[in-house]
Each structure stands twice: as structure tokens, then as C-alpha cells.
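Just so it is clear, the values below take in all heavy atoms, side chains as well, and ignore hydrogens, waters and symmetry mates.
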Amino acid sequence: MGPVSLQVETEQEQKPEREMDCYHSLLQAGSQLENTLQQVSVSMSMKEVDGYIEKQVAYLSGGRGEDSSVIVTLPEYSAFSDIPEESLAKVLTYLTLIPRARQPGVKFIIILDRRLDTWTSIKTALARIAASFPGNLHLVLVLRPTSFFQRTVTDLGFRFSQEDFMLKMPVVMLSSVTDLLRYVDENQLTSEFGGTLDYCHSDWIVLRTAIESFAVTVKDIAQMLQAFGTELAETKLPAEGTAIMRLLSTHTDKYRKLKEAIRSVSKEGRHLLASLEASGREEDSLWDVRLDWETVQRLLAQLRGMESAFDGFFEKHHLKLQQYLQLLRYEHRFQEMELSLEHLASQEREMSSSGEKLTQTEQTLRDLDILEAHAQEEMVSAQIIILHGHQLAASHHYAMALILQRGNELRHRCDTLSNALRVKRAHLSRAHRLLLRLGQAQSWCDDGAYLLAQQLVDKFQSKEGAQAALKDMDRFLEGAPSLLSSGPDLLAVEFESVLTPEIQVQIGETFEKHTVVQEMIHNRQVCLRKLADKHVRPIQLVAPRAESPPRSKSPLFSPKHGVDGLKFSFDLSLPGKRTSRKSPASRKIEVMHDYQENRSSLLSSLEGEDSPDLLKRHVMRELIETERVYVEELLSVLLGYRGEMENPALAGLLPPILRSKRNVLFGNMPEIYNFHSRVFLHDLEGCLETPEGVGACFLERKENFKVYECYCQNKPRSESLWRQYSDCAFFQECQKKLEHKLGLDSYLLKPVQRLTKYQLLLKELLKYSAGGCEGTSELQAALAAMLHLLKSVNDSMHQIAITGYQGELCDLGRVLMQGSFSVWISHKKGPTRMKELARFKPTQRHLFLYERALLFCKCREEHGEGADKTPSYSFKHCLKMSAVGITENVKGDVKKFEIWYSGREEVYAVQAPTVEVKTAWLGELRRILTNQQKLLKDERCVDIQMPDHIRRSPPMSERG
């Protein structure tokens with residue numbers, strides 16, 4: 001449990017004073033009601049008298065004698081003597097308890113009606129009354145028998161027994177009802193004794209039963225109210241909102257049930273009051289009825305008082321529960337917001353205040369934008385929580401202090417985060433401005449070097465050409481960035497707050513580069529001024545060619561290649577795919593290398609006078625400049641075509657299927673762009689002044705160039721998709737925006753063209769490098785690596801067209817060779833080992849040599865309208881290299897060799913198209929078999945050293 005939960009628990013344990021006051025009021029009202037019930041209730045109910053009240057053995061008529069003595073009447077009852085002593089005692093106790101509960105110490109008068117009985121019965125009744133009567137017996141009035149005989153017997157018997165009875169209780173023997181009036185008023189006697197008192201025994205039973213039931217119900221209600229109040233007061237509040245809601249629901253249900261019970265008993269009490277009022281309307285109404293009415297009225301009033309106290313207590317308790325639930329929810333939202341703000345603050349602390357590179361800083365600024373947007377959303381939510389807290393405090397919440405404290409904490413966290421983000425943005429923006437200015441300065445230096453390299457020697461051999469070149473250089477110098485004029489020291493002072501060791505290094509490199517470019521420009525200006533001051537005879541060109549305008553550096557220029565440039569073919573298609581019926585050979589993609597006339601003229605003129613080092617530098621500059629243009633062209637395609645596929649404004653022009661197949665159309669061009677823009681271009685730029693290091697640069701990134709294999713393997717699918725949708729309005733609109741003269745397909749060919757051009761430029765660098773020069777061996781290795789890459793790409797293009805092979809081609813290892821051959825097959829069958837007659841006509845098979853297997857396939861060619869479809873190689877047979885042997889020379893044909901399998905069980909006579917192809921294949925096969933023999937020898941050595949019980953199984957080639 002965290003500190004927040006502990007504080008909430010402490011708050012809920014401090015019960016509000018008003019709630020406790022209401023609870024004490026409830027207990028006090030319950031105590032008063034209980035006292036009243038004790039005063040007016042009897043300890044015995046009518047049900048405990050065994051039904052003798054209903055039999056009218058004795059009853060309270062409500063009449064009063066002298067001194068307000070209560071009259072208990074025992075009417076004629078023939079089975080009186082049969083009543084058990086215990087039952088008679090209960091009857092008399094019950095009847096006397098009722099008056100005694102209202103008026104303690106009250107006296108009683110018994111009227112014993114025995115007018116139809118005998119003296120024996122009278123004597124027995126008096127004796128039982130004397131033994132069982134529990135109250136203060138004031139007088140016993142006996143109506144003696146009316147018959148002459150029984151009256152005489154009674155008189156004689158009473159005369160002789162009078163003293164015995166008088167010692168126990170005062171007994172008066174009455175001869176008639178008239179004698180009874182001398183002791184009791186007429187209006188206190190019922191009609192059977194000649195009085196006027198209205199009494200109905202059945203009505204009295206009903207009324208008495210109702211009063212007793214009402215008293216019991218009121219007592220139960222009072223006890224339930226007290227018990228429920230105590231339960232509420234002693235309830236420990238849980239720490240979960242769901243538990244609080246269940247508690248609220250449970251308490252509300254109990255409260256409603258109790259309220260329903262109170263309404264029911266109140267209704268019963270009002271009905272009882274109405275019955276009592278109806279019985280006591282006359283002025284001479286019974287005194288007992290008036291007392292019962294007062295008792296019921298008093299109980300109802302006290303019940304209403306207790307109900308009111310309970311309502312007040314429950315209202316306070318219910319409010320406390322609701323406020324506690326509000327506090328829990330507020331605390332939960334506070335904790336979530338606190339964690340969210342802390343997470344945002346952690347992200348802000350982890351974010352760098354400055355970047356080493358401009359792209360890093362721009363990415364950090366974009367990340368900061370996202371973080372600020374998220375933080376703004378969270379701070380708005382925090383303000384809502386704070387406002388909700390003020391609303392709770394305004395409603396007099398019992399935890400007002402805690403709620404206001406939480407609001408202040410949130411406000412402080414929001415202010416701290418906002419200030420941190422503002423400071424972070426200021427630092428990043430300052431660092432971005434510095435890096436941007438450094439980048440502009442470096443670009444200006446690069447443009448200067450490009451300007452010097454672009455100027456043609458034959459152009460400024462004349463005075464006018466030299467003057468025009470000087471003007472171009474003067475205009476260029478006028479556009480120098482202001483940062484270069486301030487100096488590194490002044491720059492360090494201006495951006496002291498964001499300087500890091502990396503940025504300081506960049507500043508030093510930028511000004512060092514500026515110094516070099518300035519020196520180069522100054523030297524060129526000196527030469528041009530000399531040429532402008534005097535006439536210079538033009539250098540004769542070795543191979544004069546027509547001039548063409550220099551290529552633009554813009555990434556939006558069209559890839560237009562001159563027809564006089566160097567041209568070569570690169571096999572990208574699959575054998576068997578024909579462009580016409582007469583040409584079954586492989587389709588070639590012709591790659592045009594625009595060695596511009598200006599460059600040719602420049603190199604031709606320079607070859608006559610300049611050194612090889614200078615020529616190498618010119619080739620190196622061309623490599624770097626064309627690399628920059630290549631990167632910019634890739635970027636224009638990715639942004640202008642691929643990126644526009646996500647543009648909602650062009651969604652109507654783009655077929656839906658193209659949106660889901662953009663990875664097919666563009667392949668892994670983004671991966672190629674990332675490699676060249678972020679890695680390879682920077683490596684080449686580092687070799688500008690040291691061309692001897694470019695070979696090592698190619699070798700170091702040899703593995704990265706494998707991204708072209710994936711691109712070239714996807715090229716047939718890309719071309720097929722382009723042919724289907726080349727007339728799409730989307731591509732036309734994008735081409736119009738980019739101002740490209742050629743369509744997208746020309747730019748999709750750029751990676752293939754660039755890959756083939758590297759080996760040509762490496763050959764030129766080797767041409768101007770002497771055998772013992774530094775970096776020559778690396779250049780040769782780099783050229784070999786690029787040629788091998790071209791071969792691997794070509795082989796992989798064929799491999800992807802294999803169909804019908806059951807398994808994964810990648811399990812066979814890397815594809816080493818592939819080509820078409822004429823094949824004769826022979827094999828031995830069964831125990832006779834008879835040799836099949838060799839076929840006179842060979843089969844044409846396309847062979848794929850892998851590290852672990854040799855595949856025989858049949859080339860499937862398409863004809864007619866489907867001739868442009870991608871061909872395929874149908875798998876026929878697979879030989880594991882672990883069971884292969886070769887015979888290098890076959891009698892009668894220098895282009896033939898044999899491949900035999902499983903100890904010459906199967907022999908394949910293979911005829912290569914040329915002796916050179918045969919030699920290359922045999923060399924690769926010998927290398928694989930030699931490596932296998934060496935590996936097998938090593939395994940056998942290990943087996944000899946191992947115990948027999950753990951020796952490995954023989955290799956596949958040795959198993960029978």
C-alpha cells in the first residue's frame with residue numbers, strides 16, 4: 001500500500017463529528033423508546049394463558065371501584081374447578097399485570113358471580129383465588145346462589161368459614177345484584193350486573209391482541225434500528241471503489257427495508273389509535289381505553305422520533321460513503337496522472353539536448369513535438385482533475401485538505417514539466433540552428449569543389465572563357481554563408497550553451513574544409529587570371545567529341561543518357577524468356593553509362609599533360625558526384641512516388657491494389673537509399689583527397705551491397721506490376737509534379753544501372769594506378785567483389801524461378817553456379833546392374849550448383865502473346881553433393897564431363913556450351929568435393945578418439 005492509500009485510510013478513519021452526533025441521537029431515541037415499552041408492556045402475552053382468556057374464565061371490564069380499584073370479574077363458569085392451578089395463576093397474573101404496568105400499586109376488586117352455583121364451588125373458588133391472586137386484593141364480592149336451598153347452605157357455610165376467608169382476603173357475600181351497587185357504581189358495572197358499562201369480551205381480546213402485537217413490533221423495529229445504526233457506525237470502509245459501491249448498495253437496501261417496516265408499524269399504530277378513539281368517544285369512556293390510547297400515541301411519537309434520528313444518521317453515513325468513494329476515485333485518477341506525468345518527465349530527461357548531426361537533431365525535435373503534444377493532452381487532463389478537486393472541496397468534502405493538496409501537487413508537476421520542455425526546446429532549437437548553418441557551410445564547400453570539377457579545360461582556353469569562369473567563381477564566393485566569416489572562436493562563444501565535443505569537431509572540420517576549398521579556388525583564380533591576361537594556345541584533344549550540357553545536380557532531373565556513352569549489357573532476366581521467336585537467348589537489360597563528352601574531352605586533354613594521380617582524382621570526383629546525384633534521384637522517387645501513395649489528395653487517382661503492393665513496385669529501394677545516403681556516400685566523400693582508399697571502402701561495405709540481390713530478384717514482379725498500371729493517372733500526376741521527362745520505370749532501373757557502373761569506375765581507377773601504388777591490391781579486390789556481386793545477383797534471379805522443388809532452397813546453401821547444358825543420363829538397375837542404353841539425343845537441362853546439392857531443371861519457355869511472362873525452371877532431379885563424383889574428361893568431346901552419383905549408380909554426361917564454362921564448373925565442383933573430403937577426414941579422426949558406445953553414425957556418403 002502506497003503513501004497515498006495510507007493517507008486515504010487515515011482520512012476515512014476520522015469520522016465526521018456530525019455523523020457521530022446523529023448516531024448518539026439515534027441511540028438516545030432508541031433508549032427512550034425501550035424505556036416506554038418497559039413501562040407499558042407486560043411480561044406475559046395473551047398467548048401464554050392457554051386460551052382461558054378467550055373462554056372468559058375471568059376478564060377486565062374496565063370498571064373501577066372505590067379508590068380506583070380495578071374490577072376483575074369471574075363470571076359463571078361450570079368447569080372452573082377443572083382449571084389447573086398453574087393456568088388459573090397465569091390468567092390472574094396476566095389480568096393484573098395490565099393495570100399494574102400502567103399504575104403500579106393499584107388495588108383490585110374481584111366480582112365472583114356464583115348465582116347458579118353451590119357453596120362447595122364458592123368455597124373452592126375462594127380458596128383458589130386466595131392461593132393464586134398475585135395483586136393487591138382489596139375486596140372480593142361474591143354473588144351467592146339464588147336457589148333457596150343453596151342460598152341457605154351458603155349462608156351457613158360462610159358463617160362458619162368467614163373467619164378463615166377474612167384472614168386471607170376481605171370477602172363480602174351478596175344476596176343480589178342490588179347489593180352489588182352498594183360497593184360499585186352502576187356505570188362501572190356491566191349489563192349482566194345491572195350496570196351501564198358497555199363491554200364486549202371479543203372486542204377486548206381483539207384490541208388487546210393488537211396492542212400487544214404493536215408493542216412487540218415497535219420493540220423489534222427499535223432493536224433493528226439500533227443494530228443497523230451500530231453496524232453503520234462500526235463499519236470499516238474498504239480501500240476499493242467496487243467494495244464501497246457494494247457497501248452502498250447493501251446499506252441502501254437494508255435502509256429501504258427498515259423504512260418499509262417503520263411505515264407498516266406506523267400504519268398499524270394509526271389504525272389501533274382509530275380503534276381506541278372509537279371505543280372512547282363518550283364522556284364516560286373507559287379509563288383503561290384512554291390509557292391504552294395514550295400509550296399507543298406515545299409509542300408512535302417516540303417511533304417517529306427514532307425514525308427521524310435514524311434518517312439523519314443514515315443520511316450522514318451515506319454521504320460519508322459517497323464522499324469516500326469520490327475520494328478513492330479522485331486518488332486513483334491522481335495516481336494515474338502522477339505516473340503519466342512522471343513518465344513524460346522521464347522521457348524528457350532521456351531526450352538529448354543536442355545532436356551530433358543535423359538529422360539527429362531534427363529527429364529529436366520531431367520527437368519533442370510528439371512529446372509536447374502528449375504532455376499538453378496530459379496537462380489538460382490534469383487541469384480537469386484539479387477542477388474536479390475544487391468542486392469536491394466546494395461541496396464541503398470531509399477530506400478537503402487532502403484533495404487541495406493533491407491539486408497543488410499536480411499543478412506543481414505540470415509547471416515543472418512545462419518548464420523542462422520549454423528549456424529542452426530552446427537548447428535543441430539553438431543546436432539545430434548551429435548544425436543547419438554548419439551543414440549549409442559544408443554544402444557550400446562541396447558546391448565549390450563541384451564547381452571546380454565542372455569547369456571544362458577546353459572552355460577556358462580562350463580569354464573570354466577564362467573571364468566567364470572567373471565571374472562564375474566571384475558570384476559563387478559572394479554567396480558564401482555568413483558563418484564562415486565569423487570564425488570558429490566567435491561561433492563557440494555564440495553557441496557556448498549547446499557545444500559538445502562532437503559539435504566542436506564538426507566546427508573544426510567545417511572551417512578546415514573551408515580553408516581547403518578557399519585555397520583551391522584561389523589557385524584556380526590565379527590560373528584563370530593568367531589565361532585572361534594573355535592568349536593561350538588550346539590543348540589539342542585526343543578524341544574530340546560533340547559537347548553535351550552538364551548534368552544537373554537536382555534530384556528532380558530526368559535520367560537522360562547520351563547515346564554516345566559507354567554501353568554494356570547486364571543479364572537480369574531468366575534464360576528461356578525470349579523477346580522474339582527468333583531470339584531464344586536471355587533478355588538483356590542494356591545499361592547506358594553517360595560518360596559525358598565534357599568529361600571525355602577533359603580526360604583526353606589531361607592525359608597528355610597531367611599525372612596519373614590527377615586523373616585518379618578526377619575519376620574519384622566523378623564517382624562521388626554521380627553518387628550524390630544517385631542518392632538524390634532515389635530520394636525523389638521515394639518522396640515523389642512512394643510517399644505520395646499516402647497522400648489523401650491523390651487517393652482518388654491511385655488504384656486500391658497499388659496501395660497494398662507498393663513494396664512490390666519499389667522493392668527494397670528505401671533500404672538501398674538508407675545505405676547510400678547514410679553510409680556509403682559519406683565513405684566515398686572521405687576518399688576525395690585519398691583515392692587510394694576507395695578500394696578498402698568498397699571491401700568494407702561488401703556485405704551491405706547484398707541489398708541489391710533482393711531488389712533485382714523483385715524486379716520482374718515490379719516490371720509486371722508497372723506494365724499493368726503504367727497508364728495510371730496517379731503516376732502521370734506525380735511525374736508532372738516532379739517535372740521528370742521520363743516515367744517511373746526509368747528511375748526504377750537506376751539501382752541496376754548504378755550497380756553495374758561501380759565496376760567500370762573501379763576499372764578506370766585501376767587503369768591510372770601503378771602496380772606498386774598504395775591501395776592497388778584493395779582496388780583489385782573491390783573490382784573482383786563487385787563482379788562477383790553482379791554474378792550472384794544474376795544467379796539469384798534465375799534461382800527464384802525454380803518451381804516444383806519439395807523443400808526449402810535455402811537449406812541447400814548458397815547458389816554458386818547456374819547454366820544450361822546438354823545432358824545424357826545412364827544408370828544401373830537391380831542386382832543385375834545392367835546399363836541402360838544411352839540416349840542418342842540429349843535432354844536440355846538448366847543446372848543449379850549449390851553448396852550442398854546439384855539441381856537439374858527444365859526451362860519452361862513462353863510463346864505467343866504470353867512471351868513476356870516470367871519463365872520458370874521445372875525441378876527434375878536433385879543430387880546431394882555428399883554422394884557426387886566427377887570425371888573431368890570424356891573421350892571424344894573436350895566440352896563434356898561426367899557427374900556420377902552413389903558409386904556410379906547414376907551417371908550424367910554433361911556437355912557445356914564452351915570449354916571455358918566447363919573449366920569454371922569443374923573448378924567449383926573440385927573445390928566443393930575437396931572441402932567435403934577434408935571435413936570427412938576430420939570427422940573420422942574424431943570418431944577414432946571417441947569410445948565405441950558414443951561413436952557417431954557414418955556420413956551419408958558411406959551408408960549402404
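The distance from the CD atom of Gln504 to the CD atom of Glu509 is 12.5 Å, given to the nearest 0.5 Å. Separation of atoms CZ (Phe675) and CG (Asp683) is listed at 7.5 Å; rounding is to 0.5 Å. Separation of atoms CG (Leu650) and SG (Cys734) is listed at 6.0 Å; rounding is to 0.5 Å. Taking SG of Cys697 as the reference point, atom NZ of Lys702 lies at 13.5 Å (rounded to 0.5 Å). To the nearest 0.5 Å, the span separating CG on Asp745 from CH2 on Trp722 amounts to 5.0 Å. Between the CG atom in Leu755 and the CG atom in Leu789 there is a gap of 5.0 Å [rounded to 0.5 Å].
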> Step by step, would you call Lys736 with Glu733 a salt bridge (charged side-chain N to carboxylate O under 4.0 Å, His left out)?
Replying inline: CA-CA 5 Å; Lys736 181 180 178 182; Glu733 181 64 24; 5.2 Å; no
> Can Glu362 and His432 be said to form a side-chain contact (heavy atoms from CB on, under 4.5 Å), step by step?
Replying inline: CA-CA 7 Å; Glu362 290 175 344; His432 179 262; 3.3 Å; yes
> Given the rule in the side-chain contact (heavy atoms from CB on, under 4.5 Å) test, do Leu684 and Met620 qualify, once you have shown the distances and angles that lead to the verdict?
Replying inline: CA-CA 8 Å; Leu684 293 179; Met620 193 65 216; 4.2 Å; yes
>> Applying side-chain contact (heavy atoms from CB on, under 4.5 Å) to Ile672 and Phe666, what does each step give before you reach the verdict?
In response: CA-CA 11 Å; Ile672 295 175; Phe666 296 95; over 6 Å; no
>> Could you walk me through whether Lys471 and Asp474 satisfy the salt bridge (charged side-chain N to carboxylate O under 4.0 Å, His left out) test, starting with their C-alpha distance in whole Å, then the side-chain angles of each, then the deciding distance to 0.1 Å, before giving a yes or no?
In response: CA-CA 5 Å; Lys471 290 181 180 179; Asp474 290 338; over 6 Å; no
> Run the side-chain contact (heavy atoms from CB on, under 4.5 Å) check on Ser346 and Glu350 step by step: do they pass?
Replying inline: CA-CA 6 Å; Ser346 175; Glu350 293 173 0; 3.5 Å; yes
>> Using salt bridge (charged side-chain N to carboxylate O under 4.0 Å, His left out), reason through Lys715 and Glu719 one step at a time and then give a plain yes or no.
In response: CA-CA 6 Å; Lys715 199 70 177 66; Glu719 290 177 350; 3.5 Å; yes
>> Checking Arg430 against Glu494 for the salt bridge (charged side-chain N to carboxylate O under 4.0 Å, His left out) test, could you report, in this order, the C-alpha distance in whole Å, the side-chain angles of both residues, the deciding distance, and whether it holds?
In response: CA-CA 10 Å; Arg430 196 167 183 81; Glu494 182 181 357; 5.3 Å; no
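Proximity of Val679 to Asn704: side-chain heavy atoms (C-beta onward) are nowhere separated by under 4.5 Å. Leu365 is listed as a side-chain neighbour of Arg425, based on a closest heavy-atom distance under 4.5 Å. Looking only at side-chain heavy atoms (C-beta outward), Leu634 and Pro751 come within less than 4.5 Å of each other. In this structure, the side chains of Glu372 and Gln376 stay at 4.5 Å or more apart for every pair of heavy atoms. With a 4.5 Å cut-off on side-chain heavy atoms, Arg642 and Leu665 do not count as touching. Considering only heavy atoms from C-beta on, Gln347 comes within 4.5 Å of His343 through its side chain. Side-chain atoms of Leu639 and Leu738, non-hydrogen and from C-beta on, never get closer than 4.5 Å to each other. At least one side-chain heavy atom of Glu644 sits less than 4.5 Å from a side-chain heavy atom of Lys737.
Gln735 contributes a side-chain N or O that, together with a main-chain N or O of Leu742, makes up a donor-acceptor pair within less than 3.5 Å. In this structure, Ser443 contributes its side chain and Gly439 its backbone to a donor-acceptor pair below 3.5 Å. In this structure, the side chain of Thr756 engages the main chain of Gln753 through a donor-acceptor pair within 3.5 Å. No donor-acceptor pair under 3.5 Å is formed between the side chain of Ser418 and the backbone N or O of Asp415. Using modelled atom types, one side-chain atom of His682 and one backbone atom of Ser677 make a donor-acceptor pair closer than 3.5 Å. No donor-acceptor distance shorter than 3.5 angstrom exists from the side chain of Lys750 to the backbone of Glu633, with no hydrogens or angles considered. At distances below 3.5 Å, at least one donor-acceptor pair connects side-chain atoms of Thr500 with backbone N or O atoms of Ile503. Remark: the backbone N or O of Val664 is paired with a side-chain donor or acceptor of Asn714 at under 3.5 angstrom.
A side-chain N or O of Arg754 and one of Thr626 form a donor-acceptor pair less than 3.5 Å apart. Looking only at atom types and distance, the side chain of Gln442 has no donor-acceptor partner in the side chain of Asp446 under 3.5 Å away. No hydrogens or angles considered: nothing links the side chains of Gln440 and Arg437 as a donor-acceptor pair under 3.5 Å. Between the side chains of Glu671 and Asn674, no donor-acceptor pair is found at a separation under 3.5 Å.
Counting non-hydrogen atoms of neighbouring residues, nucleotides and ligands closer than 6.0 angstrom, the CZ atom of Arg678 reaches no more than 12 such neighbours. Counting non-hydrogen atoms of other residues, nucleotides and ligands closer than 6.0 Å to NZ of Lys513 gives a total above 12.
Between His676 and Tyr758, the ring-plane angle classifies as parallel under the 30° and 60° cut-offs.
Residues satisfying the salt bridge (Lys or Arg N to Asp or Glu O under 4.0 Å) criterion with Lys706, sequence neighbours excluded, are Glu703. Among residues two or more places apart in sequence or in another chain, the side-chain contact (heavy atoms from CB on, under 4.5 Å) test is passed with Ala375 by Leu344, Met379, Leu417, Leu421. When the salt bridge (Lys or Arg N to Asp or Glu O under 4.0 Å) test is applied to Arg662, the partners found at least two apart in sequence or on another chain are Glu646. Listed by chain and number, the residues in a ring pair (Phe, Tyr, Trp, His ring centres under 6.0 Å) with Trp444 are Phe476, His514 (sequence neighbours excluded). Shown here are the ring pair (Phe, Tyr, Trp, His ring centres under 6.0 Å) partners of Phe511, two or more places apart in sequence or in another chain: there are none.
Between Leu748 and Ser718, the shortest heavy-atom contact is CD1-OG, 3.9 Å. The two atoms that bring Met645 and Leu658 nearest to each other are SD-O, 4.2 Å, heavy atoms only. Listed here is the closest heavy atom pair of Leu765 and Lys616: CD2-O, 3.8 Å. What you find for Gly695 and Ala782 is that their closest heavy atoms are O-CB, 3.7 Å. Between Ser352 and Thr364, the shortest heavy-atom contact is O-CG2, 3.7 Å. The shortest non-hydrogen separation linking Ser769 to Thr776 is CB-OG1, 4.0 Å.
Here Glu625 pairs with Arg628 in a salt bridge; the nearest charged N to carboxylate O distance falls below 4.0 Å.
Side-chain rings of Phe730 and Tyr725 stay apart, their centers remaining 6.0 Å or farther from each other. Here Tyr747 and Tyr641 keep their ring centres 6.0 angstrom or further from each other.
Listed by first and then second residue, the salt bridge (Lys or Arg N to Asp or Glu O under 4.0 Å) pairs that reach into residues 480-492 come to none, sequence neighbours excluded.
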